[in-house]
Amino acid sequence: MSDLLLLGLIGGLSLLLLLTLLAFAGYSGLLAEVTVSAGSPPIRNVTVAYKFHMGPYNETGRLFTESCSVCPRLRSIAIYYDNPHMVPPEKCRCAVGSILSEGVESPSPELIPLYQKFGFKVFSFPAPSHVVTATFPYTSALSIWLAARRVHPALNAYIKERKLCAHPRLEIYQQDQIYFMCPLARQGDFYVPEVKETERKSRGPAEASDTQTDGTGADTMSETSSVSLEVGPCSRETSAATLSPGVSSSRGWDDGDTRSENSYSESGASGSSFEELDLEGEGPLGEPRLSPEAEPMGAPKWPRELSTPEKGEE
């Protein structure tokens, strides 16, 4: 009899533990609806304090911790430039930091020297007229892990289906929401100087080795030549292939079509711009929203895990 009671107690506790875990996962966004749309950005132009990182995305947790430790009340932001599925982990590039100011507001005079004291750099991002965006609940550390495996595949599918040129991938941690944003315009303005510098350094030797001269003296390009990601908006004739970021171990991003996908700017290869989409309604900042059903015309078809940032107080 005592054995049956013990087994029943163990079974009851196990069931209770399972229900608790399921409830926590639901609270963290397991069942949250992921809606991807194109429209006006969730934030205006911002000034950020950031640290550049080249290496596995699962090593960026310390950067979130550092930025939040300097000023916990500020929002965290991360910008991912490379597809961890296609780019070697040691070459993946990103910038992580805090938003110092937004819109016409200027950064606090004390904030800039404070962040610079701890090795952060200051850079400003514009407010693009249109972006591909999505949101996900930010209620626990598990929310980031879930977002990496639910939001990024949805963003990839949306961008690919509509042949859009949307890069890089931004994540903004604001109160109880994670905002995901992929600019459809002014993309080059979202590349910090360190990213452009690595592009210049890598492009020089690559161009020298890929360019071959035939017998007539004409230059022929090797099939392995790389696609530059430094340039801003994607050309409708030029291929560009990019990807998205993730949470603190290994993001569950969708691999998608792997044709020439290295950085975010490359993943939008032969993609169209937002100008070819129909406008529908208004976005969160009062600008026209792009219809998620609209199909661009005249464009040929183209084919990590972040460490949990500490939630800052608002």
Would you give the length of the straight line joining atom [atom1] of [X] to atom [atom2] of [Y], rounded to the nearest 0.5 angstrom?
X: F64; Y: S69; atom1: CZ; atom2: OG; result: 13.0 Å
X: L63; Y: T65; atom1: CG; atom2: OG1; result: 8.5 Å
X: T139; Y: I178; atom1: OG1; atom2: CD1; result: 8.5 Å
X: R186; Y: N45; atom1: CZ; atom2: CG; result: 8.5 Å
X: L4; Y: L9; atom1: CG; atom2: CG; result: 12.5 Å
X: L22; Y: L18; atom1: CG; atom2: CG; result: 4.5 Å

Between the main-chain N or O of [Y] and the side-chain N or O of [X], is there a donor-acceptor pair closer than 3.5 Å?
X: E66; Y: K51; result: no
X: R169; Y: L155; result: no
X: S124; Y: T47; result: no
X: K91; Y: D82; result: no
X: E171; Y: A78; result: no

Under 4.5 Å between any side-chain heavy atoms of [X] and [Y], yes or no?
X: I43; Y: Y179; answer: no
X: C182; Y: I159; answer: yes
X: L13; Y: L17; answer: no

Looking at [X] and [Y], what are the two nearest heavy atoms and their distance?
X: C92; Y: P84; answer: SG-CA, 3.8 Å
X: F136; Y: S143; answer: CE2-O, 3.5 Å
X: M181; Y: P183; answer: O-CD, 3.9 Å
X: V36; Y: A134; answer: CG2-CB, 4.1 Å
X: F180; Y: T133; answer: O-OG1, 2.9 Å
X: V131; Y: P128; answer: CG1-CG, 3.3 Å

- Hphob cluster co-occupancy, W145 + L21, side-chain heavy atoms under 4.5 angstrom: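 No, it is not one cluster - the side chains of W145 and L21 are not joined through contacts under 4.5 Å.
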- In sequence, state the C-alpha distance, the side-chain angles, and the governing distance for Y158 and L164, and then conclude on side-chain contact (heavy atoms from CB on, under 4.5 Å). CA-CA 8 Å; Y158 185 96; L164 298 176; 3.9 Å; yes
Taking the six-membered ring where the residue is Trp, are the ring centres of [X] and [Y] under 6.0 Å apart?
X: Y173; Y: Y138; answer: yes
X: F125; Y: F123; answer: yes
X: Y81; Y: H53; answer: no

- Kindly indicate, with the supporting measurements, whether the criterion side-chain contact (heavy atoms from CB on, under 4.5 Å) is fulfilled by V48 and I99. CA-CA 4 Å; V48 304; I99 297 178; 4.1 Å; yes
- Message: Taking R93 first and then E197, would you say they form a salt bridge - that is, a charged N and a carboxylate O separated by under 4.0 Å?
- Response: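 Salt bridge flag = no for E197 with R93.
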- Message: Please identify which of these residues, V96, I77, V192, meets the side-chain contact (heavy atoms from CB on, under 4.5 Å) condition with Y50.
- Response: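 Testing each of V96, I77, V192 against Y50, the sole residue satisfying side-chain contact (heavy atoms from CB on, under 4.5 Å) is V192.
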- Query: Is there a side-chain contact (heavy atoms from CB on, under 4.5 Å) between L100 and S108 once you walk through the steps?
  - Reply: CA-CA 7 Å; L100 303 181; S108 170; over 6 Å; no
- Can you list the steps and then say if C71 with Y115 is a side-chain contact (heavy atoms from CB on, under 4.5 Å)? CA-CA 9 Å; C71 190; Y115 272 91; 3.5 Å; yes
